[in-house]
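Labels below follow one simple rule: chain letters A, B, ... track the order of the sequence lines, proteins then strands, and each chain is numbered from 1.
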Number of protein chains: 4
Amino acid sequence: MLAMADQVQAESRQRGRPRSEASHQAVLEATARLLCSIPYEDLTVERIAAEAGVGKQTIYRWWKNKAAVVLETLVTGQTDMELVDLPDTGDLRADLLTWTKSMISEAFTPSTISMARSLVAAGVQEDPATEELLSGAAFWDTGRLVQRLRSAEERGEIRPGADLAAVTAALGDPFILRLLVGQPPGERWAQTLVDVVVRGLQPQGASD
Amino acid sequence: MLAMADQVQAESRQRGRPRSEASHQAVLEATARLLCSIPYEDLTVERIAAEAGVGKQTIYRWWKNKAAVVLETLVTGQTDMELVDLPDTGDLRADLLTWTKSMISEAFTPSTISMARSLVAAGVQEDPATEELLSGAAFWDTGRLVQRLRSAEERGEIRPGADLAAVTAALGDPFILRLLVGQPPGERWAQTLVDVVVRGLQPQGASD
Amino acid sequence: MLAMADQVQAESRQRGRPRSEASHQAVLEATARLLCSIPYEDLTVERIAAEAGVGKQTIYRWWKNKAAVVLETLVTGQTDMELVDLPDTGDLRADLLTWTKSMISEAFTPSTISMARSLVAAGVQEDPATEELLSGAAFWDTGRLVQRLRSAEERGEIRPGADLAAVTAALGDPFILRLLVGQPPGERWAQTLVDVVVRGLQPQGASD
Amino acid sequence: MLAMADQVQAESRQRGRPRSEASHQAVLEATARLLCSIPYEDLTVERIAAEAGVGKQTIYRWWKNKAAVVLETLVTGQTDMELVDLPDTGDLRADLLTWTKSMISEAFTPSTISMARSLVAAGVQEDPATEELLSGAAFWDTGRLVQRLRSAEERGEIRPGADLAAVTAALGDPFILRLLVGQPPGERWAQTLVDVVVRGLQPQGASD
DNA sequence: CAATAAGCGAGACGGTACGTCGTGTCTTAGC
DNA sequence: GCTAAGACACGACGTACCGTCTCGCTTATTG
């Protein structure tokens with residue numbers, strides 16, 4: 001996307017005033033700021049423009065609508081929604097349990113919940129471009145999870161050949177849905193989740 | 001308590017014309033009909049009212065906004081979103097694989113995807129009542145999954161003591177998110193998901 | 001045959017509960033009460049019903065709409081809009097000047113202005129029945145004016161043969177329009193009005 | 001005043017897109033067009049907007065409500081309600097009789113009656129601005145009447161010193177009220193009206 | 001004296017218009 | 001030619017009122 005924008009810019013070679021990258025960034029930051037406190041439904045393009053000190057048209061020059069602005073804001077990590085650490089001590093089960101505990105205690109804040117909801121509200125459009133963006137994106141800790149699992153796989157901690165994307169989904173998606181509902185899961189729930197998945201990944205014949 | 005309730009009931013004593021349960025139902029059915037073809041964002045209270053042959057005020061008398069109507073419509077199963085069968089042959093892995101296959105082939109239709117998105121769009125509100133409704137509800141096949149798992153537990157097919165809600169989440173939530181994005185998972189992905197979870201649930205010391 | 005006729009008459013005679021004249025009157029009084037303080041546009045049938053302690057349907061059983069209620073209320077003189085006295089001392093000019101002075105000082109109150117406006121607002125309907133009612137009715141002091149003029153005519157104070165309705169209009173209508181606009185006329189204005197009309201009515205050849 | 005206005009204008013300095021005078025005019029014309037055939041009560045802001053090819057918000061940006069639009073439309077003479085000619089042959093009585101005859105034959109058409117009613121319906125608001133507008137405006141033939149009377153006064157046709165506004169009211173207001181009721185006055189009525197007023201205006205001591 | 005029938009207060013109903021708000025486009029002046 | 005500002009056409013929102021309908025209950029007449 002950015003590459004394409006660059007190309008276009010190079011192609012037309014600066015006829016008239018160039019688009020203000022500063023405005024672009026100001027919009028993203030303003031959106032991030034607003035999303036901390038107000039839900040997606042109450043977010044307005046006009047309000048974003050005002051907060052960013054930008055004209056409404058400037059927003060529509062860069063994005064096709066409000067959803068696109070919100071998506072780019074959240075997907076490019078303008079917010080503090082950088083969730084939690086996933087350590088790599090060599091003990092997958094322990095690391096995942098640490099991760100779930102951090103998740104429950106740190107991610108289930110009103111602000112994060114609200115942002116997660118905004119992301120979903122913006123993403124749930126009947127729009128092919130959005131679908132592609134979302135299906136390709138590695139939200140939240142998807143990336144971290146996959147990385148940790150791959151490290152475990154290489155280390156022989158888990159049996160090889162598993163579709164790590166599926167495992168990531170089994171571990172992460174339940175948290176996402178709980179986040180959307182705003183109900184933090186209990187400790188036993190999280191423990192079972194990690195337990196089942198880690199056991200399910202153990203090399204053949206390994207005992208508990 | 002009952003006496004008091006009776007008293008209250010006797011006190012109000014049905015003054016004026018009672019609310020029309022027929023209108024209530026007509027709205028839910030009209031909404032269900034519309035949701036098959038129209039995305040949530042294009043759904044209008046006025047259109048629901050017209051489709052139901054009902055005044056707009058009647059809708060606002062029963063529900064506080066469009067989201068509430070859509071939620072009640074989808075949560076009370078007015079639609080054909082009854083997903084797929086989850087057989088109980090005694091072989092949990094086989095049954096779950098059957099279920100995932102049905103899921104992929106039957107649930108990832110434009111209509112079901114659209115309704116799933118509508119449910120989420122309506123559910124992602126910053127509203128306590130909605131939160132409670134959603135956290136309490138057993139959407140999609142949550143109920144069926146839990147039931148199948150409990151049956152397996154009783155039969156000794158899986159180790160006891162696991163939090164079945166967590167297991168259900170590990171199996172089901174990934175499908176829900178894929179549904180929202182509109183991207184059906186691949187066969188290997190589904191197989192890994194089932195495999196990992198079923199293995200993870202096997203009784204202690206059991207070998208593959 | 002007569003018996004049968006009697007029977008028919010008896011049959012059409014009041015079966016069921018008779019209409020409550022008390023409710024009828026209560027509505028008129030409530031309307032009169034409300035019209036003192038709130039403008040026609042802010043008057044609602046529901047509010048009248050509430051003020052009268054009456055069901056809305058009862059109002060619609062007696063009148064076809066709000067305008068009809070207001071018209072009947074004002075035309076039947078339920079209000080204190082009984083304007084001012086028009087004395088009959090034998091000196092038409094003096095009497096009319098007295099009347100105009102009372103008019104200006106007493107009729108141009110917010111309450112009377114508001115009621116006059118309500119009457120007009122209710123009367124200005126594209127409805128034949130209303131037209132007939134209004135054209136036939138003798139509002140305000142039309143009756144008094146005509147009576148006074150006739151008395152003057154009989155006494156030879158004014159020349160005979162004038163269309164007294166027209167004279168009444170020339171004298172009264174200007175006050176009505178000033179009332180609607182809410183702008184009391186000046187003293188000179190009123191004096192000219194009376195002067196011109198009285199002079200114009202003087203017997204032929206009479207000098208000032 | 002003008003200096004201050006200039007200052008204000010200079011201060012705000014035309015920020016943003018200026019209001020479209022074209023839209024303003026389109027609304028007035030559309031309203032005028034609609035008022036020919038639709039009574040005030042059936043006139044809708046939405047319909048005006050549609051007829052004018054204008055957004056509803058644009059109407060509310062210029063006027064505070066439907067009444068204000070209708071008033072401006074009728075007061076600024078967007079309609080063909082230019083009533084009738086009032087000739088100036090030097091014979092006041094003859095001219096006024098001509099005028100009344102034209103009035104009766106030409107003004108009492110459904111269209112003009114409807115517009116007159118609309119004007120009144122819109123004008124009868126409990127609103128100070130409306131009061132001022134109406135009290136200051138010279139509706140219908142007020143202007144023509146005053147002008148003709150002044151010309152007569154200058155020519156010595158009538159006695160000097162009369163409040164011509166009052167005379168105008170005596171002559172014109174009765175027609176306005178008859179117009180509102182929709183009942184054209186008879187010939188004798190009109191003749192009396194003119195006769196009385198013209199006689200009442202004759203120079204002192206003049207005989208018939 | 002019961003049955004019947006219509007009116008009663010209350011309030012929900014199907015509609016319609018309101019006035020506000022948000023979207024995405026367009027039009028100014030200024031840089 | 002892009003910027004901020006803001007008016008524009010469009011259309012949904014949620015409210016208010018209209019005139020009708022439906023409750024449980026009176027209150028008369030009539031069989």
Side-chain angles (χ1 to χ4, degrees), chain A residues 12 14-20 22-23 41-47 49-50 52-61 63-66, chain B residues 12-20 22-24 26 41-47 49-50 52-62 64-66, chain C residues 10-11 13-20 22-23 41-47 49-50 52-66, chain D residues 12-20 22-24 41-47 49-50 52-62 64-66:
Chain A
S12 62
Q14 291 190 355
R15 290 173 41 97
R17 180 171 176 175
R19 288 189 184 174
S20 159
S23 294
E41 49 187 351
D42 292 351
L43 193 66
T44 297
V45 175
E46 242 150 10
R47 197 158 175 187
V54 142
K56 211 167 26 154
Q57 188 60 65
T58 298
I59 295 184
Y60 284 105
R61 224 189 306 280
W63 298 273
K64 86 168 222 208
N65 55 28
K66 181 175 69 168
Chain B
S12 65
R13 201 53 168 274
Q14 272 280 37
R15 309 237 300 162
R17 179 175 177 174
R19 287 192 183 180
S20 160
S23 294
H24 183 201
E41 48 187 352
D42 291 352
L43 195 65
T44 297
V45 175
E46 233 148 9
R47 193 154 177 190
V54 143
K56 210 167 19 158
Q57 188 62 63
T58 298
I59 294 185
Y60 284 106
R61 201 173 287 121
W62 287 87
K64 82 171 219 202
N65 53 29
K66 181 177 66 169
Chain C
E11 216 165 13
R13 207 192 294 161
Q14 283 225 5
R15 291 177 49 96
R17 180 175 178 174
R19 288 189 183 175
S20 160
S23 293
E41 48 186 352
D42 292 351
L43 194 66
T44 60
V45 175
E46 242 151 10
R47 195 158 176 186
V54 142
K56 212 165 28 151
Q57 187 64 71
T58 298
I59 294 184
Y60 284 105
R61 202 171 286 121
W62 289 85
W63 297 275
K64 86 170 219 205
N65 54 28
K66 180 176 70 167
Chain D
S12 65
R13 203 49 170 271
Q14 274 281 36
R15 308 238 302 163
R17 178 176 177 174
R19 287 191 182 179
S20 160
S23 294
H24 183 203
E41 48 189 349
D42 292 353
L43 195 64
T44 297
V45 175
E46 235 147 8
R47 192 154 179 191
V54 143
K56 213 172 11 163
Q57 188 63 67
T58 297
I59 294 185
Y60 284 106
R61 200 174 286 122
W62 288 86
K64 80 171 223 205
N65 53 29
K66 180 176 69 169

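The two atoms that bring A:Val45 and A:Lys56 nearest to each other are CG1-CG, 3.6 Å, heavy atoms only. Taking both residues in full, the closest heavy atoms of D:Ala49 and D:Gly55 are given as CB-C, 4.2 Å, listed atom of the first, atom of the second, then distance.
Across F:dC8, F:dA5, F:dC18, the shortest atom-to-atom separation from the side chain of D:Trp62 is found for F:dC8. For D:Val45, taking side-chain heavy atoms from C-beta onward, the closest of the listed nucleotides E:dA10, E:dC18, F:dC18 is E:dC18.
Counting any heavy atom pair closer than 4.0 Å across all strands shown, C:Trp63 reaches no nucleic acid atom. As judged by a 4.0 angstrom heavy-atom cut-off over every strand, D:Lys56 is placed among the base-contacting residues.
When side chains are defined from C-beta on, B:His24 does not count as touching B:Arg19, because their heavy atoms never get closer than 4.5 Å.
Along DNA chain E, the nucleotide closest to B:Ala50 and the one closest to C:Gly55 are compared, and the more 5′ of them pairs with C:Gly55. Residues C:Pro18 and D:Arg19 both approach DNA chain F. Their nearest nucleotides, taken by heavy-atom distance, put D:Arg19 toward the 5′ side. Comparing D:Glu46 and B:Arg61 along DNA chain E, the residue whose closest nucleotide (by nearest heavy atom) sits nearer the 5' end is B:Arg61. Nearest-nucleotide positions on DNA chain F for C:Asp42 and B:Thr44 put B:Thr44 closer to the 5' end.
Put simply, CD1 on B:Ile59 and CD on B:Gln57 are 10.0 Å apart, with the number rounded to the nearest 0.5 Å.
Following rounding to the nearest Å, B:Leu43 (CG) and F:dG14 (C1') show an atom-to-atom distance of 16 Å. The NZ atom of C:Lys66 sits 16 Å away from the P atom of F:dA16 (whole-angstrom rounding). Whole-Å rounding puts the D:Ile59 CD1 to E:dT20 P distance at 13 Å. Rounded to whole Å, the distance from CG on A:Asn65 to P on F:dC10 is 21 Å. Rounding to whole angstrom units, CD of residue A:Glu41 and P of F:dG14 are separated by 10 Å. What separates OH of D:Tyr60 from P of E:dG22 is a distance of 17 Å, to the nearest Å.
Of the side-chain N and O atoms in A:Ser23, one or more sit less than 4.0 angstrom from OP1 or OP2 of F:dA4. An OP1 or OP2 oxygen of F:dA9 is reached within less than 4.0 angstrom by a side-chain nitrogen or oxygen of D:Thr58.
Side chain of C:Lys66 to main chain of C:Thr44: no donor-acceptor pair is present (N/O by atom type, distance under 3.5 Å, no hydrogens or angles).
The base of F:dT26 lies close enough to the side chain of C:Arg17 for a donor and an acceptor atom to sit less than 3.5 Å apart. Judged by distance alone with a 3.5 Å cut-off, a donor-acceptor contact links the side chain of C:Gln57 to the base of F:dC21.
Overall bending of the helix from E:dC1-F:dG31 to E:dC31-F:dG1, expressed as the angle between end axes built from five pairs apiece, is 20° (10° steps).
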Discussion item. Before you tell me yes or no, could you show the steps for A:Lys64 and A:Tyr60 under side chain to side chain contact (heavy atoms under 4.5 Å, CB included), namely the whole-Å CA-CA distance, both residues' side-chain angles and the distance that decides it to 0.1 Å?
Written reply: CA-CA 6 Å; A:Lys64 86 168 222 208; A:Tyr60 284 105; over 6 Å; no
